[in-house]
Amino acid sequence: MGLRYKSHPWHGIDIGNESPEIVTCFIEMVPRDTVKYEVDKISGYLRIDRPQKYSNTFPGLYGFLPQTFCSSLVADYCMQKTGRTGIKGDGDPLDVCVMTENEIVHGNIIVLAKPIGGFRLLDGDSADDKIIAVLKDDAVYGNYKDIVDVPQFVLDRLKHYFLTYKDMPGKKKDVEITDIYGADEAKEVIIRSMEDYKNKFDRLDQALSNV
């Protein structure tokens, strides 16, 4: 089927046999984008989610991990780590930020990356983790193994973006980052999101494996 029809970025692309050590990422946005692009869940094509209201642009490649889903297992882990209750998954594939020295000028591409940590972000009562990864074999970032290897100003820039990119004039935001975690926790979140995906899309997974 893939030889004749475009694969759906969420369901038709495999996260990779080496996951969670090395993962396939679908990139929706690059640093120069002044609007937020997001994959349409039905068609699989990129659509404009919203224009950015302010001048901040994303400081890296931004997208998601195919065949992941943030639901009960991801939410349970968030509650374990934060001590909070009543948290649910955001119902989307797991978000990822990929750092690279290379200037990549457009999204709608797939890349291989190595997870090194993440931001535990809460959007209201929804777990909305942001996995931080480095482009595989990148000349500058490729040797990073854990979030502690990332310069603090880079983390501050990422944190600022995630805390402000949903800002809308006249509307109160309800977004917070409870903590920043390392590679081991990032891999646990990825594994849980993969299991959440299997639990949600079990029949689809079987159908794709039989094509």
Side-chain angles (χ1 to χ4, degrees), residues 9 23 25-40 46-66 68 70 74 78 81-82 87 89-111 113-135 138 140-142 144 146-183 185-186 189-190 193:
V23 292
C25 311
F26 182 82
I27 302 303
E28 299 163 298
M29 295 175 58
V30 298
R32 291 185 177 181
D33 289 333
T34 57
V35 296
K36 185 177 184 298
Y37 297 105
E38 189 173 277
V39 162
D40 180 74
L46 284 180
R47 63 178 175 84
I48 294 177
D49 181 47
R50 62 181 177 273
Q52 299 288 66
K53 294 296 182 181
Y54 302 110
S55 60
N56 55 332
T57 56
F58 191 73
L61 307 179
Y62 185 67
F64 63 86
L65 302 183
T68 63
C70 296
V74 172
C78 181
K81 291 298 180 177
T82 61
I87 294 173
D90 72 350
D92 286 329
L94 183 60
D95 295 324
V96 64
C97 166
V98 180
M99 296 187 295
T100 174
E101 68 148 341
N102 296 284
E103 183 178 2
I104 297 175
V105 297
H106 65 84
N108 199 29
I109 59 172
I110 56 175
V111 303
K114 177 173 61 176
I116 61 169
F119 290 175
R120 184 165 289 113
L121 187 144
L122 291 177
D123 187 355
D125 61 356
S126 297
D128 190 11
D129 287 70
K130 309 298 183 183
I131 298 300
I132 308 300
V134 296
L135 189 68
D138 188 83
V140 173
Y141 297 101
Y144 287 12
D146 201 273
I147 202 73
V148 296
D149 298 325
V150 181
Q152 186 61 47
F153 80 90
V154 175
L155 291 178
D156 290 343
R157 186 180 297 167
L158 289 168
K159 186 175 182 179
H160 176 266
Y161 179 83
F162 287 130
L163 289 176
T164 60
Y165 80 111
K166 290 188 177 182
D167 282 357
M168 297 290 283
K171 291 187 178 181
K172 182 181 178 181
K173 67 177 182 179
D174 191 14
V175 176
E176 66 172 309
I177 293 174
T178 63
D179 57 288
I180 300 174
Y181 50 77
E185 285 195 42
V189 173
I190 292 170
S193 70

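For the residue pair Asp128 and Ser126, no side-chain donor N or O sits within less than 3.5 Å of a side-chain acceptor on the partner. Side-chain polar atoms of Asp95 and Tyr62 form a donor-acceptor pair below 3.5 angstrom. Donor-acceptor pairing under 3.5 Å is lacking for the side chains of Tyr141 and Asp149.
The side-chain contact (heavy atoms from CB on, under 4.5 Å) check on Pro31 picks up Leu61, with sequence neighbours excluded. In this structure Val154 satisfies the side-chain contact (heavy atoms from CB on, under 4.5 Å) test together with Met99, Val150, Pro151, Leu158, sequence neighbours excluded.
Taking a 6.0 Å sphere around CD1 of Ile110, one finds it holds 12 or fewer heavy atoms contributed by other residues, nucleotides or ligands.
Using a distance-only test at 3.5 Å, with no hydrogens or angles considered, no donor-acceptor pair links the side chain of Asn102 to the main chain of Ile104. Judged by distance alone, with hydrogens and angles left aside, the side-chain atoms of Lys114 form a donor-acceptor pair with the main-chain N or O of Tyr144 at under 3.5 Å. Formation of a donor-acceptor pair under 3.5 Å by the Lys130 side chain with backbone atoms of Arg120 is not found in this model. In this structure, Thr100 contributes its side chain and Leu135 its backbone to no donor-acceptor pair below 3.5 Å. Of the possible polar contacts, one joining the Asp138 side chain to the Glu101 backbone as a donor-acceptor pair under 3.5 Å is found. Of the possible polar contacts, none joining the Asp33 side chain to the Val35 backbone as a donor-acceptor pair under 3.5 Å is found.
Classified by interplanar angle (parallel below 30°, tilted 30° to 60°, perpendicular above 60°), the ring pair Phe64/Phe26 is tilted.
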Could you give me the CA-CA distance, side-chain angles and deciding distance for Glu28 and Lys36, then say whether salt bridge (charged side-chain N to carboxylate O under 4.0 Å, His left out) is met?
CA-CA 8 Å; Glu28 299 163 298; Lys36 185 177 184 298; 5.7 Å; no
Run Asn108 and Tyr37 through side-chain hydrogen bond (donor to acceptor under 3.5 Å, both in side chains) and show every step you take.
CA-CA 9 Å; Asn108 199 29; Tyr37 297 105; over 6 Å; no
